[in-house]
A.B. asks: 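Handing you a structure now.
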Amino acid sequence: MSNKLFALIDCNNFFVSCERVFNPALRNVPVMVLSNNDGCVVARSQEVKDLGIPMGIPAFKCEPLIRRHNIHVFSSNFELYGDMSARVMNVLYEFVPEIEVYSIDEAFIRFDTIAQDAVELGALLRKRVLQWTGIPISIGIAPTKTLAKVANQIAKKQTQHKGVFDISRALNIDEILEQFKVEDVWGVGRQYTKKLQRNRITNARQLKYAKDVWVKKNMTIVGLRTVHELRGIPCLNIVTQPPSKQSIAHTRSFGKKVTELKELKEAIADYAVQLAYKLREEKMLACSLYVFIMTSYHTEFKYYTSKVIELIKPTSYTPDIITAACNAVEEIFYAGYSYKRAGIIATELQRDDQDQIHAFMSQEQNNKQRVLMQEVDALNHKWGTGTVGFAAQGTLKQWRSKRAKKTQSFTTKWDDLLIIKL
Amino acid sequence: METTKFSIIKTLQQKNSKLTFYKFAPEWNIKLPLLQEGVPAGFPSLANENLGKSLDLNEYLIKHPAATYFVRVEGSSMIDAGIKSGDLLIIDRAIEPRDGSIVVAAINGEFTVKRVKNRVGSLYLVSENPSFAPIRITEDMDFEIWGVVTHAIHHIT
């Protein structure tokens with residue numbers, strides 16, 4: 001085994017944990033958090049997991065259980081979760097020179113570059129994060145990232161490890177891998193699982209000892225890397241610079257079904273505003289847009305349609321994007337359907353080098369547009385999203401997604417602070 | 001001052017010039033003061049070397065940004081400690097509470113702000129107002145100290 005030591009840090013039931021920090025009454029009761037539009041379960045407390053409710057199940061299917069066991073249900077509060085995530089990562093960053101933030105609640109860290117016993121360091125990080133943010137974390141330590149993910153699962157599920165498990169110290173790694181289902185191995189998805197099961201590989205140990213030639217042929221070089229990682233040979237490194245995005249999207253489901261073109265255009269215009277903002281944040285320009293509208297999956301008359309628009313010039317100027325997207329929707333809209341979801345994906349992205357020369361616009365006009373967008377973004381940033389909008393977005397917005405049970409943004413909005421009665 | 005990612009990381013001294021580097025962490029929206037560069041042109045001026053940076057309230061009030069939270073309070077039970085109804089409190093979870101610290105605590109799921117005291121082996125939450133009796137923390141209570149109150153900000157005008 002190599003000298004590298006990777007740690008995967010992951011927050012336990014992250015969204016639920018965030019809600020519990022600001023409401024201690026939720027500590028030992030069943031809690032779940034729902035996705036955008038209060039659709040599916042995206043986070044469950046241990047009590048909810050114990051009731052057998054799976055991840056991703058539509059919320060309405062849980063209603064009987066919710067009533068019977070008094071499950072507390074919340075809508076996602078991404079503003080809160082995002083801020084809490086930043087806090088967790090910042091606490092970790094105090095201790096380590098490099099951190100790869102893998103998702104909102106997971107990070108990879110190299111432990112071998114730090115002169116401290118790995119398990120001790122893990123315990124210290126756990127204690128520090130819990131004290132500073134109230135979020136419990138689990139830490140899996142291993143010679144490779146893939147094994148660190150395995151170790152993390154064990155740290156989380158087997159309480160005797162107190163939240164930190166170093167698989168490189170285990171004398172019986174193969175026994176551990178035998179208990180680990182192959183579909184839970186990082187990088188093995190549902191399709192590969194089926195293929196592997198057909199070839200009598202059902203646990204991680206079997207995958208570890210599978211023949212290289214077979215793996216490369218059936219799971220590509222990426223799969224081979226996973227297998228090598230299971231064997232303790234690191235093939236993946238800490239990625240500190242995230243790869244630049246190939247596309248930026250804004251897609252949402254509607255809170256209520258939309259049948260009229262006027263309302264649909266309002267929604268699309270709203271999404272265009274959000275998308276243009278994202279483009280500016282990433283300092284990118286879009287050369288084309290992919291616009292789609294669709295009915296619900298669960299309806300008798302399903303309809304999905306899309307259109308790709310080539311923009312006249314690479315842009316992140318909101319009015320350009322609104323116009324292009326709304327024109328597209330007009331072309332693909334078909335009356336008689338109840339639309340439930342829509343989206344715009346900006347593709348063919350390029351970096352926004354401010355001194356680009358535009359064939360169809362003077363430099364002065366370009367500057368004016370740039371300054372206008374800067375002002376709009378600054379106002380929205382200061383006073384909250386939606387302070388300054390575009391007429392096309394509409395004012396009633398009945399199609400907005402439901403967030404019936406969202407808690408307050410306790411850490412990011414002055415008006416949303418906790419009020420404690422003395 | 002604790003050297004965190006948000007504070008001064010290095011002061012370089014090169015010949016007669018003094019450059020102070022501030023590391024800016026934009027995700028925290030902590031507005032760092034304008035950089036004051038003392039780059040002498042020829043003869044070093046005393047005025048240049050004594051140029052200060054502008055004063056930053058964030059730096060003064062927040063020692064551990066990742067562990068700092070704000071809450072508002074209502075009620076009069078802590079009036080003798082200078083905490084008035086409507087005040088904004090700055091809470092630091094990184095500080096270890098000690099006997100006599102004013103803390104945000106949770107008893108049986110409800111938040112409160114009190115002074116914590118250790119007396120004769122028992123923990124008490126004490127108010128700063130003679131009309132309020134101390135609360136003794138017992139085994140059957142769901143009790144936790146959430147964070148230490150470092151500042152109370154009272155709006156005057």
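A note on names: the letters A, B, ... follow the listed sequences, proteins ahead of strands, and every chain is numbered from 1. Small disclaimer: the values here were computed from a predicted structure and weren't measured.
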A.B. asks: I'd like to verify something: which residue of B:T68, B:V104, B:D92, B:I79 has the highest number of heavy-atom pairs under 4.5 Å with chain A?
C.D. replies: B:T68
A.B. asks: Under the side chain to side chain contact (heavy atoms under 4.5 Å, CB included) rule, what do A:W414 and B:F70 come out as? Steps first, then yes or no, please.
C.D. replies: CA-CA 9 Å; A:W414 288 112; B:F70 302 138; 3.6 Å; yes
A.B. asks: Taking every non-hydrogen pair under 4.5 Å, which of B:R72, B:K114, B:E110 racks up the most with chain A?
C.D. replies: B:R72
A.B. asks: Does any backbone or side-chain atom of A:T411 lie under 4.5 Å from a heavy atom of chain B? Answer side chain, backbone, both or neither.
C.D. replies: side chain
A.B. asks: Ignoring hydrogens and angles, tell me if any N or O in the side chain of B:E74 forms a donor-acceptor pair with the backbone of A:I420 under 3.5 Å.
C.D. replies: no
A.B. asks: Using a heavy-atom cutoff of under 4.5 Å, enumerate the residues of residues 100-110 of chain A that contact chain B, numbered in order, or state 'none'.
C.D. replies: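 Those residues of residues 100-110 of chain A which would need a heavy atom under 4.5 Å from chain B do not exist here.
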A.B. asks: Quick one: does any side-chain atom of A:R27 pair with a main-chain N or O of B:N108 as donor and acceptor, under 3.5 Å?
C.D. replies: no
A.B. asks: Please flag which part of B:I95 lies under 4.5 Å from any non-hydrogen atom of chain A: side chain, backbone, both or neither.
C.D. replies: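 B:I95 touches chain A through backbone heavy atoms alone.
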A.B. asks: Given heavy-atom pairs under 4.5 angstrom as the criterion, report whether the side chain, backbone, both or neither of A:L92 touches chain B.
C.D. replies: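 When you check distances to chain B, no heavy atom of A:L92 falls under 4.5 Å.
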A.B. asks: For residues A:N23 and B:F111, report the shortest heavy-atom separation together with the two atoms involved.
C.D. replies: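 So the two residues come closest at N-CE1, 4.5 Å.
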A.B. asks: In Å and rounded to the nearest 0.5 Å, what is the OG to NZ distance from B:S85 to A:K421?
C.D. replies: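 The distance works out to 9.0 Å.
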A.B. asks: Can you confirm whether more than 12 heavy atoms, excluding those of A:K162, are under 6.0 Å from its NZ atom?
C.D. replies: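 Incorrect, the count does not exceed 12.
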A.B. asks: At a 4.5 Å cut-off on heavy atoms, which part of A:V88 comes close to chain B: side chain, backbone, both, or neither?
C.D. replies: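 Neither the backbone nor the side chain of A:V88 comes within 4.5 Å of chain B.
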A.B. asks: Could you report the tightest heavy-atom contact between A:Q131 and B:E96, atom names first, then the distance?
C.D. replies: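 Reported closest heavy-atom pair: OE1-OE2, 3.4 Å.
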A.B. asks: Please report the shortest heavy-atom distance between B:Y69 and A:M84, naming the atom on each side.
C.D. replies: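 Smallest interatomic distance, heavy atoms only, reads OH-CE, 4.0 Å.
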A.B. asks: Apply side chain to side chain contact (heavy atoms under 4.5 Å, CB included) to residues A:L422 and B:I83 and explain how you reach the verdict.
C.D. replies: CA-CA 9 Å; A:L422 296 183; B:I83 299 177; 3.8 Å; yes
A.B. asks: Under 3.5 Å, is there a donor-acceptor pair between the side chain of A:R128 and the main chain of B:A94?
C.D. replies: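 Not confirmed, A:R128 side chain does not pair with B:A94 backbone.
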A.B. asks: Just to be sure I understand the criterion: a residue of residues 120-149 of chain B counts if one of its heavy atoms is under 4.5 Å from a heavy atom of chain A. Which ones qualify?
C.D. replies: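 Under the 4.5 Å heavy-atom cut-off, B:D142, B:E144, B:W146 qualify.
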A.B. asks: Name the region of A:M89, side chain, backbone, both or neither, that has any atom closer than 4.5 Å to a heavy atom of chain B.
C.D. replies: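 No part of it gets close to chain B.
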